[in-house]
Amino acid sequence: MKCFKGERAARGSGLPDVGRRRGFISRVALLGLAAAAYAVPVVGGLLAFLDPLRRKGAAGRLVRVASLDGLPEDGTPQKVAVVAERVDAWRRTVEPVGAVYLRRTAEDEVVALQVVCPHAGCTVEYRDAASGQGGEFFCPCHRARFDLAGKRLDKVSQSPRDLDPLEVQIRNGTEVWVRFQKFQFGTSKRVPVG
Ligand code: FES
């Protein structure tokens, strides 16, 4: 194969190979930078899209809801908002996540019930004895009634199950903590959601 003198000299010195390698490395580096520039917003968008999945909510977590001293000693139920900390990849926020009824017993224990009616998700109300209805929980949507332990009062009730009880812990003798949980409504089974 014929070869010009200058070309032979250049090949002998290895200079064009070094140049080609440098050019190749530069192109690879540029491609890497371009890919990284595209990847950042794509990954960010993907994380934002998945944010609710990554978020740690209040479901199933113990949340401090009240002080034992703040609950009536006569056992009158108190409706208490549940405010919980939510943590996701970007921030830590405190927000209301629901409510519970708390009732202090004669033994200084606390019973907690979800305020959500198991029939269709309305919020049940407490009606005290002075209202002429006796102490009970009452759902204004379809008139289901529950006793103070959350049991259905009517033989035929719109509600497919009793009110949902929640685990309670008393810490340091006075702090009332509840394992907050929501449940599927419209079913006789107690199925946790969220
Ligand atoms: S939602 Fe409570 S009885 Fe229907």
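Here the structure is a predicted model, which means the values were calculated and not measured. Scope of the values below: all heavy atoms of this structure, side chains included, with no hydrogens, waters or symmetry mates. All ligand and atom numbering here is 1-based and tracks the order in the structure.
- No single ILVMFWY cluster, assembled from side-chain heavy atoms under 4.5 Å apart, contains both Leu166 and Val116.
- Per the SG-SG cut-off, Cys122 and Cys139 are not bridged by a disulfide [distance not under 2.5 Å].
- No continuous path of hydrophobic side-chain contacts links Val100 to Leu163 [ILVMFWY only; heavy atoms under 4.5 Å].
- Using a distance-only test at 3.5 Å, with no hydrogens or angles considered, a donor-acceptor pair links the side chain of Arg152 to the main chain of Ser159.
- Taking 2.8 Å as the limit, the number of protein N, O or S atoms around atom 2 (Fe) of ligand 1 is 2.
- To the nearest 0.5 Å, atoms CD (Gln114) and CZ (Phe185) are separated by 11.0 Å.
- Tyr101 and Phe137 have their aromatic ring centers within a separation under 6.0 angstrom.
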